[in-house]
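The block underneath contains the structure these notes are about, expressed in structure tokens.
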Amino acid sequence: MSRYLQKWNELADVKDEFAERDWFPGTSGNLSIKVSTNPLTFFVTASGKDKRKRTSEDFLLVDKKGAPAEETKLKPSAETQLHVEVYNRTNAGAVFHVHTIDNNVISEIYKEEGKITFKRQEIIKALGYWEEDAEVSIPIIKNDAHIPTLSQQFSKYIHGDKGAVLILNHGITVWGETAFEAKKYLEAWEFLFSYHLKLLALQNVQKQYPVMPIA
Ligand SMILES: CSCCC(=O)C(=O)COP(=O)(O)O
Ligand SMILES: [Zn+2]
């Protein structure tokens, strides 16, 4: 199988999995996978599609500027520039962006702090931190409809081949060395967000009804 087809199928499988989790509400979200390094090319989702459907027009190949690398009528994701920033600054192999209710609510609650930190959670190991007292933080940046401005803010937090940024009331962008790693990181972050929101909700109930024993 050609590298081109192999990468296409890998990205299509990730897209199907995320769609099953309902991680693409209202056509939101975009995904990419690197195809070649020199010159840089990557597949990115076509803009505005229903990402729950698997079709032959789901992705297009783009270059280091995010412009189509081949003749196509498809438009790259409106947020391709964020993917471009990651590939141009790191050796990441995949970038995934999804809008979930959990990641949006977390960004709203912690917007003033500009980040949220997690510790004492086994799932942190999935992010690559194996120490007993490991702490992980994810930055929260302001959303901006002007994608060059958003990309500029976002790129301040690109520090290596793996990472993640929350965009306020918008979504999360995660990248990793491979599609497998990026998916694992995204799943770990969404686990942490979901756990935290459930705990906050239960702690609030406990304040009202103190008989309930909760951490
Ligand atoms: C429909 S949500 C607004 C756009 C967005 O944030 C997104 O993730 C999807 O945009 P795309 O151009 O990649 O379809
Ligand atoms: Zn988005």
Side-chain angles (χ1 to χ4, degrees), residues 14 17-18 21-26 28-32 79 81-83 85-86 89-90 92 94-147 149-177 179-208 212-215:
V14 169
E17 273 197 49
F18 291 178
R21 294 175 184 155
D22 207 13
W23 279 0
F24 298 125
S28 65
N30 35 76
L31 311 177
S32 71
E79 293 164 358
Q81 188 59 34
L82 279 77
H83 301 243
E85 299 293 341
V86 174
R89 290 160 194 265
T90 74
V95 182
F96 301 149
H97 167 73
V98 295
H99 301 198
T100 67
I101 294 171
D102 287 352
N103 67 41
N104 274 245
V105 174
I106 287 281
S107 74
E108 175 62 28
I109 295 175
Y110 291 93
K111 66 182 175 196
E112 302 304 338
E113 288 82 352
K115 66 173 181 181
I116 177 167
T117 302
F118 298 97
K119 52 190 171 192
R120 291 189 294 275
Q121 288 282 316
E122 182 69 10
I123 197 88
I124 287 174
K125 291 178 181 163
L127 295 168
Y129 302 96
W130 291 78
E131 308 81 32
E132 194 62 45
D133 53 353
E135 281 190 14
V136 289
S137 293
I138 182 167
I140 302 167
I141 62 170
K142 254 181 45 197
N143 194 20
D144 203 307
H146 184 247
I147 299 300
T149 304
L150 181 63
S151 305
Q152 209 180 9
Q153 293 310 310
F154 170 78
S155 61
K156 291 182 188 162
Y157 297 96
I158 304 174
H159 299 307
D161 299 346
K162 66 174 178 182
V165 173
L166 267 174
I167 307 168
L168 179 57
N169 282 323
H170 177 163
I172 187 172
T173 299
V174 175
W175 61 98
E177 303 83 341
F180 176 86
E181 296 294 319
K183 182 164 85 76
K184 183 173 68 170
Y185 303 148
L186 177 53
E187 287 169 348
W189 283 116
E190 290 293 331
F191 176 105
L192 289 166
F193 301 153
S194 176
Y195 170 90
H196 191 72
L197 292 176
K198 285 200 174 73
L199 187 62
L200 284 183
L202 287 170
Q203 284 171 335
N204 270 337
V205 172
Q206 195 199 20
K207 270 188 211 141
Q208 288 180 0
M212 267 182 74
I214 300 162

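Note that the coordinates shown come from a computational prediction; the quantities given were computed from them, not determined experimentally.
A distance-only check finds no donor-acceptor pair linking the side chain of S194 to the backbone of E190 [under 3.5 Å].
Aromatic ring orientation, W175 versus F154: perpendicular (interplanar angle above 60°, classes split at 30° and 60°). The aromatic rings of F118 and F193 sit tilted, their planes meeting at an angle between 30° and 60°.
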(request) Might you work through the side-chain contact (heavy atoms from CB on, under 4.5 Å) test for E17 and V14, ending with a clear yes or no? (result) CA-CA 5 Å; E17 273 197 49; V14 169; 5.7 Å; no
(request) With side-chain hydrogen bond (donor to acceptor under 3.5 Å, both in side chains) as the test, would you mind laying out the steps for Y185 and E177 before giving the verdict? (result) CA-CA 11 Å; Y185 303 148; E177 303 83 341; 2.9 Å; yes
(message) For Q203 and L199: C-alpha separation, side-chain torsions, deciding distance, then whether side-chain contact (heavy atoms from CB on, under 4.5 Å) applies.
(response) CA-CA 6 Å; Q203 284 171 335; L199 187 62; 3.8 Å; yes
(message) Checking H97 against H170 for the ring-ring contact (aromatic ring centres under 6.0 Å, His included) test, could you report, in this order, the C-alpha distance in whole Å, the side-chain angles of both residues, the deciding distance, and whether it holds?
(response) CA-CA 10 Å; H97 167 73; H170 177 163; 4.9 Å; yes
(request) Go through the steps to decide whether W23 and I172 satisfy the test side-chain contact (heavy atoms from CB on, under 4.5 Å), and finish with yes or no. (result) CA-CA 11 Å; W23 279 0; I172 187 172; over 6 Å; no
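For the side-chain contact (heavy atoms from CB on, under 4.5 Å) with L82, the qualifying choice from V95, I167, I158 is I167, the only one to do so.
A salt bridge links E181 and K184; the closest N-O separation between the charged side-chain nitrogens and carboxylate oxygens is under 4.0 Å.
The two residues S137 and T117 have their closest heavy-atom pair at OG-OG1, 2.7 Å. Between A164 and P139, the shortest heavy-atom contact is O-CD, 3.4 Å. A182 and G176 make their closest contact through CB-N, 3.7 Å (heavy atoms, listed as atom of the first residue, atom of the second, distance). The two residues A134 and Y129 come nearest to each other via the heavy atoms CB-CB, 3.8 Å.
To the nearest 0.5 Å, atom CG of residue N169 and atom NE2 of residue H99 are 11.0 Å apart. N103 CG to I116 CD1: the interatomic distance, rounded to the nearest 0.5 Å, is 11.5 Å.
Cation-pi geometry between K125 and F191 is not satisfied (NZ or CZ under 6.0 Å from the ring centre, within 45° of the ring normal).
For the residue pair S107/K111, the side-chain donor-acceptor check at 3.5 Å is not satisfied.
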